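Note sheet for the following structure.
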Amino acid sequence: MGRYVKVIVKNNSQYTDNLFTYKVPEFLQDEICLGHRVLVPFGKGNKPIEAYVFKIMHNNDEGVDTKDIYDILDERPTLKREDLELIHWMKNRYLCTYMDCINLIIPKGYKLNNYKLITLHPSLKGIEPYELYDLSEQLSENKKFVLQKVLDNKGKIKLDKLVDKRIEYSAQVAEDEEIYQVKDKKTLKRKVADNLNSLLYKMKEESLIDLKWEYKSIKNEIKICYVSLKMNYVDMMFYIKENKIRLGDKQKQVLEFLKNNDDVEINDLVDLLKASKSTINSLKEKNLIEFKYEDFYRKTKSNFNYQNKEVVLNEEQNYAIEKITSEMFDEEKKPYMIHGVTGSGKTEVYMEVIDYALKQGLDSIVLVPEISLTPQTIARFKNRFKDIVGVFHSRLSEGEKHDVLREIKKGNIRILIGARSAIFAPFNSLGVVIVDEFHESSYKSDKNPKFSTLEVGRYLVNKRNITLVLGSATPSVEEYYRAKTGEYELIELKKRANNKPLPKIEVVDMKEELKCGNRSFLSNKLRLQIEEEIKNNNQVILFLNRRGYSSFVSCRECGYVFKCKNCDISLTYHKKQNIGKCHYCGYEEVIPQKCPECESKYVKAFGLGTEKIEEEIKQIFEGVRVLRLDKDTTSQKHELENILNKFQNREADILIGTQMISKGLDFNHVTLVGILSADMMLNFPDFKSFENTFQLVTQVSGRAGRSEKEGKVILQTYDSESSVIKRIVDYDFEGFYEDEIKIRKLFNYTPFNNMLSVVISGKNELLVKKNITNLYNNIVYLLTERGIQDFDFILGPNPCSISKINSNYRWQILFKDDNIEINLLKGIIKYICITKKDIVFDKDVNISIDINPNSIL
DNA sequence: CTCCTACTCTGA
DNA sequence: CAGAGTAGGAGG
């Protein structure tokens, strides 16, 4: 009676995303647990690969052939039972693979490196060199080459290395041979490895070589070594004499030093006494000192100076805190939505809730949108909770991520601030998840699994009874609808914490400005206002949602527009480098003086970007100190902190920025915010563009008047009559919501429906078209079979709005589940796009499935 | 992705 | 006919 396990194997192939059954050998039977990372032989070559235990069984019901697992890789299971449930749920909800989900949850940096090793065949091991030489002379060129290389490397060589040598060799021998001219190094290596492999198997059959897999388990950890004496100093002197141990001067020095100091870090010891590591090591061998290893926690240091503020909570805040904390242990609680105007002190409420949870022994996660994961936010939490605060986001290195997750598991980190994937942090007793600015689009993942953080949060409330708090000044329409219909507990914070009114928003109609002959991007009003504020020694923020110098470059003679070679996107002009940049794939090209089409000289950059604003502001206001905050100025590490520090220390008067400045920034002396063009966002061809505009403008406006001084906002637009603009000016979120929800209802958008998008992309446009048509036909066929005749809910296939990204052509089919059960639709799509993927689709196309995508571009 | 089998192509 | 190379299917 043996034991069997079902595992998910960590393979790079999408076609092995099933549970595989393995037998557990006798010696592992008592140790194996759910969620263990194990090593299993996989495929015909029994390559050792990592796998995760999803199920343990006492018999092999299905009667499939099984192999034995090789080993258990970690002492403790990497995945908990509830993680496995979460993975199942996510896989079904977002139609992705098990491995996609596992990769989100497990600590980064646990890797298995495996490589194929080629050795001489055992029968040739003792053979005389001359015999071997004769033998190899009879072989074909290729085989001789392999054998030669094996011998050169003392009888064993890694496949990888052999492939390299082979490419090197071929390049020398046959320079003009086509295959070795392939530019793409990876493809070349693939091909050579493939060829070599089939050769190697033949050689194995001929008893020339032996093949085996070797592997190495890697844990991306750094240990610190502490040195102390093994016994007390006097005893040791005696011991040395007794055993006649000879010591060098340096060694004596080290011992002397350790007499008064315990647990000295080995590197300090080396530095202080100018001793070498071998000196210390030999002392250890003589059994006089001992080493103690401890995990090293790679923390990123922040240079941001936090300015502490005295905080007194107001009535509204106290009510919110009381409400949330008093229900923390209720079984049937709802998620909370805090709708609080900008500056209403939501963060203070979060911190009180976290503090309460902490005292009850519960851990907390604070999620913030990636762009507002600013030093300011982090400093605020660290200032209050000190060392138990951890930070987790995509810019950390693999090693840093690993360390943070390890410290969480150990219980050293109790509060984690991070971007969306931090919601999967492996806390031992998670109590609170806070999602700040939950309306932000970055809470929806854009890579597999394409999860919505809020959905995962709601799942956690259901399954693990955590306290979920969503906070925003500008809730998204669909989540606000949930609050209205009773799915969330709605808590309103209507007053600013400093009791100052919200900054007044004034609209300037740029059409009028144009009529009066002002052709610049600055209205007279805004220009005068800026002058005034600077005169009064206040600070100004200018907001424009586009980086670069100009949005596109075109020829005025023939209308030619410079476009990205790889994408269907016009190039944004960056003046400093005189290049056109593609903001999708990073492609750059120098913009020539002459039009490449008609050779005219009238090549001009059109539209506005932050770079141009900066340049012109410096001209208009002489001597004014300007800072620019966008992706271009913050590409280097710590640049963001530097800019924020400078602005905080009032080393600049004007801060120009993209949406990076809209969140979480809290400056005391900003009295004026200028929104240079609200239209850019308003006219975006997406059903969420009104919502996005409302949110962004409200958020940016909220940067003004956060301290003693009152703030003011000037909003420039060509469309001053727009209903959205009017709602923004009145801070009328309710009104905006009512307008918007009617539209959503009318067109059956979220929250009234789920939307499912399938995008097929590939380098070959015809192939993409063929595949998407095929997909459409298959779906229609299967739906007809289930008695569905009305296909109005299917839109497409159509080319995506951005029809080409990174040389990949993109076509899309959209589904709205008006008159069809979402699970039926998902079932069918899953069947076609995942289960039967290899039959339905060509190999050279990618399929991307997204439930309720952020945008349908 | 990786292996393996079965097949075709090439050149003496 | 041997050796080189390719295509396609399956992985417990």
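All values below were derived from every heavy atom in this structure, side-chain atoms included, with hydrogens, water molecules and symmetry-related copies excluded. So that the names make sense, note that chain A is the first sequence line, chain B the second, and so on, each numbered from 1. Bear in mind the structure is a predicted one, so any value in this text is a computation, not a measurement.
Remark: of the listed residues Asn771(A), Asn778(A), Asn777(A), Asn778(A) is the sole one forming a side chain to side chain donor-acceptor pair (under 3.5 Å) with Asn774(A).
Between the P atom of dG8(C) and the OH atom of Tyr15(A) lies a distance of 13 Å, rounded to the nearest Å. Atom CG of Asp17(A) and atom C1' of dA10(C) are 15 Å apart (whole Å). Distance CG (Leu196(A)) to C1' (dT2(B)): 15 Å, rounded to an integer number of Å. Straight-line distance from the CD atom of Glu214(A) to the C1' atom of dT2(B): 18 Å, rounded to whole Å. In this structure, the CG atom of Asn11(A) is 13 Å from the C1' atom of dG12(C), given to the nearest Å. The OH atom of Tyr115(A) sits 19 Å away from the C1' atom of dC1(B) (whole-angstrom rounding). Residue Phe20(A) contributes atom CZ, which lies 12 Å from atom P of dA10(C) at whole-angstrom precision. Straight-line distance from the NZ atom of Lys144(A) to the P atom of dG3(C): 14 Å, rounded to whole Å.
Here Asp164(A) does not pair with Lys161(A) in a salt bridge; the nearest charged N to carboxylate O distance is not below 4.0 Å.
Thr21(A) comes within 4.0 angstrom of a base, heavy atoms only. The residue Ile49(A) sits apart from the nucleic acid: no heavy atom pair falls under 4.0 Å. As judged by a 4.0 angstrom heavy-atom cut-off over every strand, Phe42(A) is placed among the base-contacting residues.
Sorted by first and then second residue, the ring-ring contact (aromatic ring centres under 6.0 Å, His included) pairs involving residues 20-40 of chain A (not counting sequence neighbours) are Phe20(A)-Phe42(A). Identified under the salt bridge (charged side-chain N to carboxylate O under 4.0 Å, His left out) test for residues 42-55 of chain A, with sequence neighbours left out: Arg37(A)-Glu50(A).
Evaluation of the side chain to side chain donor-acceptor pair (under 3.5 Å) rule for Ser397(A) yields Glu400(A) as partners, not counting sequence neighbours. Residues that satisfy the ring-ring contact (aromatic ring centres under 6.0 Å, His included) test with Phe451(A), not counting sequence neighbours, are Phe424(A). In this structure, Lys463(A) has no side chain to side chain donor-acceptor pair (under 3.5 Å) partners at least two apart in sequence or on a different chain.
Listed pair Asn18(A) / dG12(C) fails the phosphate criterion, with no side-chain N or O lying under 4.0 Å from OP1 or OP2.
The side chain of Lys143(A) lies closest to dA4(C) when the candidates are dG12(C), dA4(C), dG11(C).
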Q: Would you mind building the protein contact string for nucleotides 3-12 of chain B? One character per nucleotide, 5' to 3', B for base within reach (heavy atoms under 4.0 Å), S for sugar-phosphate only, - for untouched.
A: SS--------
